[in-house]
Protein chains: 2
Amino acid sequence: MKVSASDRPPQAAPLPVDLADGVFPAGCPSRTVLDHVTSKWGVLILLALSEGEQRWSDLRRRAEGISEKMLAQTLKTLERDGLVRRDAQPVIPPRVDYSLTERGYGLSALLVPLVAWAFENAEDIVNGQR
Amino acid sequence: MKVSASDRPPQAAPLPVDLADGVFPAGCPSRTVLDHVTSKWGVLILLALSEGEQRWSDLRRRAEGISEKMLAQTLKTLERDGLVRRDAQPVIPPRVDYSLTERGYGLSALLVPLVAWAFENAEDIVNGQR
DNA sequence: CGGGATCCCCAGGGATACTG
DNA sequence: CAGTATCCCTGGGGATCCCG
C-alpha cells in the first residue's frame, strides 16, 4: 500500500532496502562499527586526527576531559578497525604519532559536517530546553 | 611552525577554528548535543524516522533489541532537543505517531551517509580483525 | 612520554509488572 | 497500545600507581 506524498514531510525518503535491512538487525556488524565510530570519544579523536598526525599528549589535551584509560581504549579500537594508524618511534623518551588511515579519512569526511551541525545547532537546542 | 604538505596525507585539512574551539572544550553544549545524536539508539531512531512518521510499536520493532525504557528515554531526549515531533491521538486504544521535525530532517541527512558508510565498511572491518 | 595493570564505583540500561 | 514505575545488576569508565 502506497502513501501519498502529502502525508509526510517532503524530505521523507525511504532508505535503500539493503541499508535498512543491514543496520537495524540486532547482531549485525554495522551496529558494532557504528558504535565504535559514534562513541563519545571516538568522534572527537577522529575529528582531531582529521587535521593531521598527532601525538598521544596532543590528543589527550585536545579531547578535553578524556581519561588516559579511555584514550588508550578508544585509540586501540579505532586502530583495530583500521581507521587509525599508530607509529611508535623507538626513542627515549618514547614518541608515538597517530594519524588517520585512508579509510579513516573517508569516515572523518562524513563526521565533520555532523559535528559542525551539532556546533551550529547546540545553542538553539539548549535554549529550547527552557 | 609550519608543516609542509608532504608530511601528512593529502586529505588532512584543518578544521574551521570556531568548530575546533567549540567542540573540544569539556563543558560545551555541542558535546551534549553530539552525545544525544550519536547515542547508540539515537542514530537508529533518527534513521528509522527519516523514512517518515512511525508509531511507537513500529520503532520498537525496527530498532531491534531496544528495551521499552530506552525507546522512551531516547524519544524523550530527541523530542526535547527539537528533533522529533510527538503526535498523541486521544483515542482508545492510544495511538502515537513520531516524526522528524525540520531540524531533525537536516540532521538525518547527515546521518544517512554515515550509517551507509558503516554498513559498507562493516564486513571489511570485522574481517581485518583476525 | 606513552602507556599497562588494578581497584573501585555508580549510573546506564535491562527485565518485569502495572496503568490509562 | 503506549507508555510509567520499580528493582536490580554489570560493565563503562575514572583514579591511581607503576613501568620501559
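A note on names: the letters A, B, ... follow the listed sequences, proteins ahead of strands, and every chain is numbered from 1.
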- Message: Whether the side chain of B:T101 engages the backbone of B:G104 through a donor-acceptor N/O pair (distance < 3.5 Å, no angle test) should be reported.
- Response: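 Side chain of B:T101 to backbone of B:G104, a donor-acceptor pair under 3.5 Å: yes, one is there.
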- Can you tell me if B:S30 uses its side chain to pair, donor with acceptor, with the backbone of A:F119 under 3.5 Å?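 Not a single qualifying donor-acceptor pair exists.
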- Kindly say if A:R55 contacts the phosphate of C:dG2, meaning a side-chain N or O under 4.0 Å from OP1 or OP2.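 Yes, A:R55 has a side-chain N/O under 4.0 Å of OP1/OP2 on C:dG2.
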Integer-rounded Å distance: [N] [atom2] and [X] [atom1]:
X	N	atom1	atom2	value
B:I92	D:dG3	CD1	P	13 Å
B:R61	D:dG3	CZ	P	14 Å
B:D97	D:dG3	CG	C1'	15 Å
B:Y98	D:dA2	OH	P	9 Å
A:L71	D:dG12	CG	C1'	16 Å
B:K40	D:dG12	NZ	C1'	13 Å
A:M70	C:dG3	CE	P	15 Å
A:D58	C:dG2	CG	C1'	12 Å

- Task: Using a strict cut-off of less than 4.0 Å between a Lys/Arg side-chain nitrogen and an Asp/Glu carboxylate oxygen, indicate whether B:R103 and A:D124 qualify as a salt bridge.
- Result: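 Looking at A:D124 together with B:R103, the answer is yes, because their closest N to O distance falls below 4.0 Å.
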- Task: Please tell me which of the listed nucleotides, C:dG20, C:dG13, C:dC1, lies nearest to the side chain of A:P94?
- Result: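 The listed nucleotide nearest to A:P94's side chain is C:dC1.
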- Rounded to the nearest 0.5 Å, how far apart are CG of B:L78 and CG of B:L49?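 So the CG of B:L78 and the CG of B:L49 are separated by 8.5 Å.
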- Query: Looking at A:L15, A:L34, A:V33, which one forms a side chain to side chain contact (heavy atoms under 4.5 Å, CB included) with B:V115?
  - Reply: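 Result for side chain to side chain contact (heavy atoms under 4.5 Å, CB included) with B:V115: A:L34.
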- Item | Residue A:E64 excluded, over 12 heavy atoms near CD under 6.0 Å |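 Correct, the count exceeds 12.
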Got a list of protein N/O to nucleotides 4-6 of chain C N/O distances below 3.5 Å?
| from | atom 1 | to | atom 2 | distance (Å) |
| --- | --- | --- | --- | --- |
| C:dG4 | OP2 | A:K76 | NZ | 3.3 |

